[in-house]
Amino acid sequence: MSASQPVPHLIVRRWRVGEEEALWRLKYQTIHSINRADYSAAQCAAWAPDDLDPALWRQRIAGMDPFVVELDGELAGFADLQADGYIDHFFCAATRQGCGVGRALMQHIHALAQSRSMTRLFSQVSLTARPFFEHVGFEVVCEQQLCVRGITLANFSMQKWLQPAGDAAEHQE
Ligand SMILES: CC(C)(COP(=O)(O)OP(=O)(O)OC[C@H]1O[C@@H](n2cnc3c(N)ncnc32)[C@H](O)[C@@H]1OP(=O)(O)O)[C@@H](O)C(=O)NCCC(=O)NCCS
């Protein structure tokens, strides 16, 4: 990168109350543009509908308690890690694809998992995100056909086994 192109300032932090609508917009735009490459317009509309109940989404976000990536002060992605190792959401903004946002989210998930002594991460991964998840060490458990608002959507159940922190240290001795 040349001196005239400063390195983007990236931070990962917990979401804040009041950001629910921005997170929905990010997810909506990513599904309707990036995931649209692998899913039909009807499937994208079922997955991210125009008439989603904002109160339900606020509840979902509060329950999920995600973390976000800020790139130069703007929301550029978000994801979460549940107590059992489940990753419910994992989205990078449509305008910030290929900028390292997914890597930052995944590194954060792995750091959290290690600090919580988790042994397994798992998620329901889109056709679009599958190669990225494979790239970071996840394996496909099975392909699934989900019924969302009356429309069938394919995705993959994926998982990654983690080496406990103690084991990694032992193997270095
Ligand atoms: C998949 C997704 C998260 C990747 O995020 P991103 O910010 O573009 O990825 P990054 O720029 O951080 O790339 C990180 C690494 O993954 C690799 N990568 C990114 N996309 C990839 C792909 N489609 N296939 C293989 N590798 C990929 C990059 O080459 C990079 O590798 P490196 O760390 O070895 O250099 C993003 O494209 C996305 O938001 N997709 C739609 C989200 C989605 O479908 N979510 C549904 C639930 S899973």
Side-chain angles (χ1 to χ4, degrees), residues 1 5-13 15 19-20 22-49 52 56-57 60-61 63-82 84-114 118 120-149 151-162:
M1 199 174 272
Q5 288 179 308
V7 176
H9 180 58
L10 184 154
I11 59 165
V12 183
R13 62 161 173 82
W15 77 288
E19 289 181 325
E20 296 91 337
L23 293 175
W24 172 252
R25 228 174 12 248
L26 189 158
K27 173 178 171 175
Y28 179 96
Q29 286 167 354
T30 296
I31 289 173
H32 286 270
S33 53
I34 305 304
N35 295 106
R36 180 68 180 86
D38 300 297
Y39 295 89
S40 71
Q43 288 173 320
C44 292
W47 187 2
L52 187 85
L56 278 182
W57 176 248
R60 179 110 193 249
I61 288 291
M64 195 196 311
D65 193 19
F67 38 85
V68 306
V69 165
E70 251 185 40
L71 210 48
D72 292 334
E74 284 179 15
L75 283 183
F78 71 102
D80 66 289
L81 179 62
Q82 302 306 307
D84 58 357
Y86 183 59
I87 301 165
D88 190 355
H89 273 55
F90 197 102
F91 285 96
C92 302
T95 53
R96 298 294 204 165
Q97 299 282 314
C99 300
V101 173
R103 184 189 305 122
L105 290 171
M106 201 45 97
Q107 282 173 349
H108 191 69
I109 285 173
H110 280 74
L112 281 178
Q114 192 174 18
M118 289 177 168
R120 177 177 172 253
L121 298 173
F122 63 108
S123 190
Q124 312 299 322
V125 178
S126 68
L127 299 169
T128 322
R130 174 185 168 170
F132 167 81
F133 273 74
E134 284 177 333
H135 183 72
V136 296
F138 281 71
E139 61 184 1
V140 171
V141 177
C142 61
E143 183 174 354
Q144 313 178 121
Q145 301 290 331
L146 303 184
C147 186
V148 183
R149 298 181 181 86
I151 304 277
T152 302
L153 289 170
N155 73 7
F156 298 96
S157 172
M158 297 186 75
Q159 67 178 3
K160 178 176 179 178
W161 291 101
L162 303 173

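For ligands, and for the atoms within them, numbers begin at 1 and follow the listed sequence. For reference, positions follow the sequence shown, starting with 1. Heavy-atom basis, side chains included; hydrogens, waters and symmetry copies ignored. Nothing here was measured: the structure is a model prediction, and the numbers come from that model.
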Are side-chain heavy atoms of Ile31 and Phe91 found at a separation under 4.5 Å? yes
Any salt bridge (charged side-chain N to carboxylate O under 4.0 Å, His left out) involving residues 86-103? Give me the pairs, sequence neighbours left out, ordered by first then second residue. Arg60-Asp88
Mind listing the side-chain donor-acceptor pairs of residues 121-130 below 3.5 Å, one per line with the distance, residues two or more places apart or on another chain?
| unit_1 | atom_1 | unit_2 | atom_2 | d |
| --- | --- | --- | --- | --- |
| Ser123 | OG | Ile87 | O | 2.8 |
| Gln124 | OE1 | Gln144 | NE2 | 2.4 |
| Ser126 | OG | Thr128 | N | 3.3 |
| Ser126 | OG | Ala129 | N | 2.9 |
| Thr128 | OG1 | Asn35 | ND2 | 2.9 |
| Thr128 | OG1 | Asp38 | OD2 | 2.8 |
| Arg130 | NE | Glu134 | OE2 | 2.9 |
| Arg130 | NH2 | Glu134 | OE2 | 3.1 |

Using a 4.0 Å heavy-atom cut-off, say whether Ile31 meets ligand 1 through its side chain, its backbone, both or neither. neither
Nitrogen or oxygen atoms of Arg103 and ligand 1 under 3.5 Å apart: yes
Which residue and atom name correspond to the protein heavy atom nearest atom 39 (O) of ligand 1, and how close is it? Cys92 N, 3.0 Å
Can you check whether Gln97 has an N/O within less than 3.5 Å of an N/O in ligand 1? yes
Heavy-atom nearest option to atom 47 (C) of ligand 1, drawn from Phe90, Phe78, Phe132, Tyr39: Phe90
Answer with side chain, backbone, both or neither: which part of Val136 has a heavy atom less than 4.0 angstrom from an atom of ligand 1? neither
Out of Arg13, Lys27, Arg25, which one pairs with Glu19 under the salt bridge (charged side-chain N to carboxylate O under 4.0 Å, His left out) rule? Arg13
Starting at CE of Met118, measure out to OH of Tyr86 and round the result to the nearest 0.5 Å. 13.5 Å
Decide yes or no for Asp80 and Asp65: does some side-chain heavy atom of the first lie under 4.5 Å from some side-chain heavy atom of the second? no
Gly98 to ligand 1: N or O pair under 3.5 Å? yes
Is it the case that the side chain of His89 and the backbone of Phe78 share a donor-acceptor pair, with hydrogens and angles ignored and the cut-off at 3.5 Å? no
Based purely on interatomic distance, does Trp47 place a nitrogen or oxygen under 3.5 Å from a nitrogen or oxygen of ligand 1? no
Heteroatom proximity flag, Gly100 to ligand 1, N/O under 3.5 Å: yes
Quick check: Phe133 and ligand 1, any N/O pair under 3.5 Å apart? no
Steps toward ring-ring contact (aromatic ring centres under 6.0 Å, His included) verdict (Phe156, Phe133): CA-CA 10 Å; Phe156 298 96; Phe133 273 74; over 10 Å; no
What one should report as the nearest heavy-atom pair of Thr152 and Gln43 is O-NE2, 2.8 Å
Side-chain heavy atoms of Met106 within contact of Phe132, under 4.5 Å: yes
Out of curiosity, is Ser123 lining ligand 1, as in a heavy atom under 4.0 Å away? no
Within-cut-off N or O pair, Arg96 and ligand 1, under 3.5 Å: no
Where's the contact between Ala104 and ligand 1, heavy-atom distance under 4.0 Å: side chain, backbone, both or neither? neither
Looking only at protein heavy atoms, which one is nearest to atom 24 (N) of ligand 1, and how far off is it? Pro131 CB, 3.1 Å
Of the protein's non-hydrogen atoms, which lies at the shortest distance from atom 7 (O) of ligand 1, and what is that distance? Gly102 N, 2.8 Å
Determine, step by step, whether Leu81 and His108 satisfy the side-chain contact (heavy atoms from CB on, under 4.5 Å) criterion, reporting the C-alpha distance in whole Å, the side-chain angles of both residues, the deciding distance to 0.1 Å, and the verdict. CA-CA 9 Å; Leu81 179 62; His108 191 69; over 6 Å; no
Closest to atom 17 (C) of ligand 1 among protein heavy atoms sits His135 CD2, 3.6 Å
Is the closest N or O pair between Ser126 and ligand 1 shorter than 3.5 Å? yes
